[in-house]
Amino acid sequence: MNTAHHGQGAHSAGRRRRLLATSVGISALLALGGTVWATGQDTVARAAGERPGQDTVARAASPKPEAAGPAAPAPDKAAATGAPAPVGPASPEARPEPSPVDRQGKSEQQLAETPQPTAAPVDLKDKKAVKGGVSAAITDVQSVRGEAKGIGEIAGPAVRFKVTVTNSTSEPISLDSAVVDVAFGRDDEPAGSLSGPDTAAFPSVVAPGTSGTGVFVFAVPLGARDNVKIHLNLEAETPVATFAGKLPA
């Protein structure tokens with residue numbers, strides 16, 4: 001009986017020793033795992049720019065930064081550089097009037113070779129200052145059936161209009177050299193002049209304080225009257241006056 005009891009006690013003691021060794025081993029493994037985990041967290045913290053050993057729970061509980069508001073609009077490039085803002089092209093009426101041709105000291109040949117300036121166009125209904133004290137206007141524009149009586153003329157759809165030159169100076173002016181012509185379309189195609197109906201030439205002279213009128217007919221196709229220019233060339237040294245607009249069909 002004592003022998004059996006002694007054997008049973010020895011067996012229990014050995015079992016306790018094995019359990020104790022197992023418990024110590026598990027504790028060592030847990031401690032080693034905790035060290036490895038902490039080292040990994042410090043490595044991550046260093047990579048993220050955080051202080052090693054910082055409490056990850058505190059990081060998780062820290063408030064998140066508020067979302068940034070809408071991005072401010074990009075500054076205007078012209079304002080940033082100080083450059084002026086682009087502007088559209090100036091209207092023809094805004095162009096300065098050209099100066100008359102200077103005839104002094106020039107021969108007739110030189111004058112003939114000098115390009116004649118053209119003034120900025122005005123509307124067909126407007127009065128145009130041709131030179132100091134002299135103005136012109138287009139009136140009584142009508143669509144007619146042009147009559148061909150001269151060489152090279154072709155009868156057909158045409159427009160008839162009056163050109164009135166007003167002399168507000170104290171001296172008479174000559175209209176002997178005055179020429180009227182017409183162009184139409186995007187390419188300013190010249191229109192042919194016609195003999196009728198009911199045309200009338202300018203008077204030779206316009207006295208001070210009076211007006212002189214001529215009546216002209218030009219062949220302009222019915223489908224090309226949206227953009228028509230009437231030119232008055234008063235004299236060689238004076239800029240050509242231009243009237244632009246839509247004619248009746």
Side-chain angles (χ1 to χ4, degrees), residues 88-101 111-131 134-166 173-204 206 211-249:
S91 61
E93 291 75 11
R95 287 176 5 206
E97 292 293 337
S99 301
V101 177
L111 289 172
E113 294 173 353
T114 302
Q116 188 173 5
T118 300
V122 298
D123 190 83
L124 284 169
K125 300 177 182 179
D126 293 341
K127 180 182 291 187
K128 173 68 176 175
V130 181
K131 66 176 185 177
V134 179
S135 62
I138 308 296
T139 59
D140 296 342
V141 182
Q142 297 176 326
S143 178
V144 298
R145 177 71 181 179
E147 299 174 356
K149 299 178 181 178
I151 298 175
E153 294 182 356
I154 301 176
V159 290
R160 181 177 61 199
F161 54 88
K162 293 180 180 179
V163 181
T164 300
V165 178
T166 300
I173 59 172
S174 172
L175 296 183
D176 284 340
S177 300
V179 176
V180 174
D181 62 67
V182 174
F184 60 87
R186 184 176 300 177
D187 299 327
D188 288 338
E189 183 176 346
S193 61
L194 297 174
S195 299
D198 303 325
T199 59
F202 280 129
S204 295
V206 179
S211 299
T213 299
V215 183
F216 305 89
V217 176
F218 283 85
V220 179
L222 292 173
R225 299 184 182 181
D226 287 343
N227 183 16
V228 179
K229 294 184 179 70
I230 299 175
H231 303 286
L232 170 63
N233 187 349
L234 185 65
E235 54 194 9
E237 64 269 23
T238 302
V240 177
T242 303
F243 303 83
K246 181 177 180 180
L247 298 184

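Position 1 is the first residue of the sequence; numbering continues from there.
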| field | Heavy-atom closest pair, residues A241 and V130 | value | CB-CG2, 4.3 Å

| Flag side-chain contact, heavy atom, 4.5 Å: V228 against V182 | yes

| note | Between A148 and A155 the two heavy atoms that sit nearest each other are CB-N, 3.4 Å

| request: State, with a plain yes or no, whether a side-chain heavy atom of P221 is found less than 4.5 Å away from one of E189. | output: no

| message | Counting C-beta onward and ignoring hydrogens, is there a side-chain heavy-atom pair between V141 and L124 closer than 4.5 Å? | response | no

| note | In terms of heavy-atom contacts, A191 and A219 come closest through CB-O, 3.3 Å

| remark: Residues A158 and V217: closest non-hydrogen pair is CB-CG1, 3.8 Å

| task | Answer yes or no: is there a donor N or O on one side and an acceptor on the other, between the side chain of R225 and the main chain of K246, under 3.5 Å? | result | no

| query | Which one of D181, D188, T118 satisfies the side-chain hydrogen bond (donor to acceptor under 3.5 Å, both in side chains) criterion with K229? | reply | D188

| task | Identify the heavy atoms of P248 and V159 that sit nearest to each other, and give their distance. | result | O-CG1, 4.3 Å

| request: Taking all heavy atoms of P203 and all of L175, pick out the closest pair and write down the distance. | output: O-CB, 3.2 Å

| remark: Rounding to 0.5 Å, atoms OG1 (T164) and NZ (K162) come to a distance of 7.0 Å

| said: side-chain contact (heavy atoms from CB on, under 4.5 Å), that's the test. Do I138 and V163 meet it? Break it down for me. | reply: CA-CA 5 Å; I138 308 296; V163 181; 3.6 Å; yes

| field | Min side-chain heavy-atom separation E147-S195 under 4.5 Å | value | no

| Is any side-chain heavy atom of S143 less than 4.5 Å from a side-chain heavy atom of L247? | no

| request: Please assess V165 against L232 for the test side-chain contact (heavy atoms from CB on, under 4.5 Å), listing each intermediate value before the final yes or no. | output: CA-CA 10 Å; V165 178; L232 170 63; 4.1 Å; yes

| Does some side-chain heavy atom of S135 sit less than 4.5 Å from a side-chain heavy atom of K128? | no

| message | Parallel, tilted or perpendicular: which one describes the rings of F161 and F216, with boundaries at 30° and 60°? | response | tilted

| note | Given the options T238, V206, L234, T166, V134 meets side-chain contact (heavy atoms from CB on, under 4.5 Å) only with L234

